Undergrad: 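My questions will all concern the structure given below.
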2 protein chains.
Amino acid sequence: MPKTPARMAAKSVPPSTITLKHVAERAGVSPITVSRVINTPDAVSETLRDKVTEAIDALGYVPNRVAGALASAKSRVVPIIVPSLSNIVFLEVIQGAQDVLNAAGYQLLLGDTQFDLEREQALANTLLGWSPAGMIIAGLRHTDRTRAMLKTWHRPVVEVMEYGTKPIDMNVGLSHYKAGDSMGEHLVARGYRNIAFIGCRMKVDYRAMQRFKGLERCLKRHDLPCRPPFSHDEMSSAELGGDALMRALDLDKSLDAIFFANDDLAIGAILRAQREGIAVPKRIAIAGFNGLNLGALMQPALTTIVSPRQRIGQIAATKLLARILGQQSGAATVDVGFSLRAGGST
Amino acid sequence: MPKTPARMAAKSVPPSTITLKHVAERAGVSPITVSRVINTPDAVSETLRDKVTEAIDALGYVPNRVAGALASAKSRVVPIIVPSLSNIVFLEVIQGAQDVLNAAGYQLLLGDTQFDLEREQALANTLLGWSPAGMIIAGLRHTDRTRAMLKTWHRPVVEVMEYGTKPIDMNVGLSHYKAGDSMGEHLVARGYRNIAFIGCRMKVDYRAMQRFKGLERCLKRHDLPCRPPFSHDEMSSAELGGDALMRALDLDKSLDAIFFANDDLAIGAILRAQREGIAVPKRIAIAGFNGLNLGALMQPALTTIVSPRQRIGQIAATKLLARILGQQSGAATVDVGFSLRAGGST
DNA sequence: CTGAAAGCGCTTACAG
DNA sequence: CTGAAAGCGCTTACAG
């Protein structure tokens, strides 16, 4: 023991940080009992529990989560890794998860990969250093190392957004392929024959590509022409949607419908059509994906596919919690489905 | 020492978790040296550094952040506390902060208060248990205990969103009062005389109330009538904006302009006016606040006040980092200002 | 530039 | 139901 450890607080002044020990001393019990009152109150007699509670309040004790996490090798933290924070879609999932996890005393640790799987791997690796209780991660596509790392981790992991078989552990999402197919069916049923798909950054936004593939299957089934998707390099935005509409109409006069990869683009297209005096859906039908409320207020109302994003976050968090607490968590995979909301735009 | 500690790994099998010690053994150095290579590489000779780096890579060592945080009493985590995650405004601040902090190896810990200051206090208290390196918190209004707690904490704190004097520590934001006044001046200059303010949950969303107060001051200065604000209990949404517009026109036929507390409401109002055939701005002028890009695509384009939300997050994070690293962080308070974007809607 | 010792504030796994 | 001992995996503050 060093002669005068700098860390040793002078006995006469009140300690700068209140620890379990201080609470224990004041309550006249052992530190362990205090720990139990905090973590498993039912395991302590009412008498002691009251004494300890009094001491905690009197001293304003705040448990050191870091020490607890180190000793128990787990923390009440759950990382959520998403491709991007600028996309409303991921935010709603985060929101849903936050509601459930916060209520249960868990904190979300935020990570975004910028749609880069290598970055995702590095991030997951770092975040594991926090001994999280579980993890929520967007998508079913990861590097092999990320998959291996999370598989051998032996803590609950939920992959969210798209639905698929063989997740790392659990999965909550919907089939973007089927969603694309459904929208195709809708457009064909309404009589459109020359249908294009317009998206953004589809090399990395592979879920948008899946929606296109679904559309493609549908068009082939109906022996209709299938054009390759237009994929812009910029990020999705309403403004880009308007520009893309104009360019598409210019390049291919025969188009009678456009399925945009998301509502932002589609809403921008409708607004632009309004300004340019292009009749929707008479000259060109416009459809989106996501089911933003705003779409329903457009003139004409946007036809879109509604996905329950907040529910995805809630279900994911609920299943994660159940597993963390050792309870029944239900099926490993959940297809939350989607619904097509038909409006006047198609 | 217990006879057979359950935690002791059998010597023959590879350890389930790689620690500093394993790396040190493999590299033939002491654990401290490994720690130095990770945290202060310049303090280690190149020879040892290479050996250690090799060992880290070979073993796939991931530093246990929790242990590091406990030993050093600080972690590379920064909580960001906002009123709500459903509001785009806070998300953009989070995004800005995330970009800067992630790049520097810090993780954001997410907290939302649901606009409840008691909840904010409890949350801040809990999050302090993570020994964060600093904290970002929305708003300048907190409970006295929250303020006291953060003041005595002696780590950097940045309050964001609104600008004001006497922050807890640092502050980055804009004057919502001035913004309201500016919009008032704009409306008056364009000839409007009967101006109303419509917001949502203004008891808790006090920044919206500040914008109203700014408008009020302006109207008084011009000897114009000032109506009390309409404040709806529901959350802001485009749909509500449309409904609010109709109700306001119905209740007060003399209105010639409405300043909505945010663009969501204002955009909804413009879309509703379109559907109802109400001429904007001829019958009623409409203005918003936030500067969403979408507003510029409306017909007519929405007059609004642009606030640099992402920049607020970036500046806040940058100043926080500077202080964490013991560098110059510049002025304690930063007024990021705002600009009025006049469109055809007024 | 490098290392041996002690400790951060909790919880685990016993034992009673 | 309660507690004494040990340890979680790092870093701090010395000393050399």
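Just so it is clear, the structure is predicted and the values come from calculations on it, not from any experiment. Reminder, nothing fancy here: chain letters follow the sequence lines and each chain counts from 1.
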Undergrad: Let's see if you can work this out: which of C:dC1, C:dC10, D:dG9 has an atom nearest to the side-chain heavy atoms of A:T19?
TA: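 The answer is C:dC10.
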Undergrad: Could you list the donor-acceptor pairs under 3.5 angstrom formed between side-chain atoms of residues 107-114 of chain A and any protein atom two or more places apart in sequence or on another chain?
TA:
| from | atom 1 | to | atom 2 | distance (Å) |
| --- | --- | --- | --- | --- |
| A:D112 | OD1 | B:Q98 | NE2 | 2.8 |
| A:T113 | OG1 | A:F115 | N | 3.1 |

Undergrad: Using a cut-off of strictly less than 4.0 Å between a heavy atom of the residue and any atom of DNA chain D, enumerate the qualifying residues of residues 48-61 of chain B by number.
TA: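 Close to the strand are B:Y61.
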Undergrad: Within this structure, what is the NZ-to-P distance between B:K21 and D:dT11, rounded to whole angstrom?
TA: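 Between P of D:dT11 and NZ of B:K21: 15 Å.
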Undergrad: Atom CD of A:E25 and atom P of D:dG3: how far apart are they, to the nearest Å?
TA: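 Going from CD in A:E25 over to P in D:dG3 covers 13 Å.
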Undergrad: Give a yes/no answer on whether the side chain of A:S72 brings an N or O atom under 4.0 Å of OP1 or OP2 in C:dC10.
TA: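 Indeed not, no polar side-chain atom of A:S72 lies that close.
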Undergrad: Would one find a side-chain N or O of A:S35 under 4.0 angstrom from OP1 or OP2 of C:dT11?
TA: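 Answer yes for this pair, as a side-chain N or O of A:S35 is under 4.0 Å from OP1 or OP2.
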Undergrad: Just the rounded figure in Å: distance from C1' of C:dT2 to CG of B:D42.
TA: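 Value for this atom pair: 16 Å.
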Undergrad: Using salt bridge (charged side-chain N to carboxylate O under 4.0 Å, His left out) as the criterion, list what pairs up with A:D169, not counting sequence neighbours.
TA: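 Salt bridge (charged side-chain N to carboxylate O under 4.0 Å, His left out) check on A:D169 returns A:R323.
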Undergrad: Suppose the criterion is side chain to side chain donor-acceptor pair (under 3.5 Å): which pairs have a residue in residues 40-61 of chain B, not counting sequence neighbours?
TA: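 Only B:R26-B:E54 qualify under side chain to side chain donor-acceptor pair (under 3.5 Å).
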Undergrad: If you define the side chain from C-beta out and look only at heavy atoms, does anything of A:T333 sit under 4.5 Å from A:V172?
TA: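 Side-chain contact under 4.5 Å: no.
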Undergrad: For the residue pair B:I56 and B:I38, establish whether any side-chain heavy-atom pair is separated by less than 4.5 Å.
TA: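 Yes, at least one pair of side-chain atoms sits under 4.5 Å.
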Undergrad: Using the salt bridge (charged side-chain N to carboxylate O under 4.0 Å, His left out) criterion, which residues pair with B:R155? Sequence neighbours excluded.
TA: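 Per chain and number, B:R155 pairs via salt bridge (charged side-chain N to carboxylate O under 4.0 Å, His left out) with no residue.
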Undergrad: Does a nitrogen or oxygen in the side chain of B:S30 sit under 4.0 Å from OP1 or OP2 of C:dA4?
TA: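 So the side-chain polar atoms of B:S30 never come under 4.0 Å of the phosphate oxygens OP1 or OP2 of C:dA4.
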Undergrad: Expressed in angstrom and rounded to an integer, what is the separation of B:W130 atom CH2 from C:dC10 atom P?
TA: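 After rounding, the gap between these two atoms is 13 Å.
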Undergrad: Could you tell me how far apart A:I38 (CD1) and C:dC10 (P) are, to the nearest whole angstrom?
TA: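 To the nearest whole Å, that distance equals 7 Å.
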Undergrad: Report the residues that fulfil side-chain contact (heavy atoms from CB on, under 4.5 Å) with A:R76, sequence neighbours left out, ordered by chain and then residue number.
TA: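 A:R76 satisfies side-chain contact (heavy atoms from CB on, under 4.5 Å) with A:R65, A:Y106 only.
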Undergrad: Which of these nucleotides, D:dG3, C:dT11, D:dT11, is closest to any side-chain atom of A:T33?
TA: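 My answer, after comparing the listed nucleotides, is D:dG3.
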Undergrad: Judged by modelled atom types alone, do B:Q121 and B:H142 share a side-chain donor-acceptor pair under 3.5 Å?
TA: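 Result is no, nothing qualifies.
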Undergrad: Heavy atoms only, 4.0 Å cut-off, all strands: where does B:R36 land among base, sugar-phosphate and nothing?
TA: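 Base contact.
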Undergrad: Considering heavy-atom distances to DNA chain C, does B:A67 or B:V44 have its closest nucleotide positioned more toward the 5' end?
TA: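 Nearer the 5' end of the strand: B:V44.
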Undergrad: In terms of side-chain heavy atoms of A:L70, which of C:dG9, D:dT11, C:dG3 is nearest?
TA: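 Closest nucleotide to the A:L70 side chain: C:dG9.
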Undergrad: Output the rounded distance in Å from CG (B:L128) to P (C:dG9).
TA: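 For the pair B:L128 CG and C:dG9 P, the rounded distance is 14 Å.
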Undergrad: Checking A:S86 now: which residues fulfil side-chain contact (heavy atoms from CB on, under 4.5 Å) with it, not counting sequence neighbours?
TA: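 side-chain contact (heavy atoms from CB on, under 4.5 Å) list for A:S86, sorted by chain: A:S84, A:M235, B:Q95.
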Undergrad: Considering only side-chain heavy atoms of A:I32, which listed nucleotide, C:dG3, D:dG3, C:dG9, is closest?
TA: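 Shortest atom-to-atom distance from the side chain points to D:dG3.
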Undergrad: What is the distance, to the nearest angstrom, from the CZ atom on B:R76 to the C1' atom on D:dC10?
TA: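 Atom CZ in B:R76 sits about 14 Å away from atom C1' in D:dC10.
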Undergrad: Show me the dot-bracket string of DNA chain C, counting Watson-Crick or G-U pairs under 3.5 Å, with | for pairs to another strand and [ ] for crossing ones.
TA: |||.||||||||.|||
Undergrad: Which residues pass the side-chain contact (heavy atoms from CB on, under 4.5 Å) test with B:A322, not counting sequence neighbours?
TA: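 Testing B:A322 for side-chain contact (heavy atoms from CB on, under 4.5 Å), a comparison that skips the adjacent residues, returns B:Q327, B:S329.
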Undergrad: Check the distance between D:dC10's C1' and B:H22's NE2 and give it to me in whole angstrom.
TA: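 Result: 14 Å.
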Undergrad: Choosing from D:dC1, C:dT11, C:dT2, which nucleotide comes nearest the side chain of A:N39?
TA: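 Nearest nucleotide to the side chain: C:dT11.
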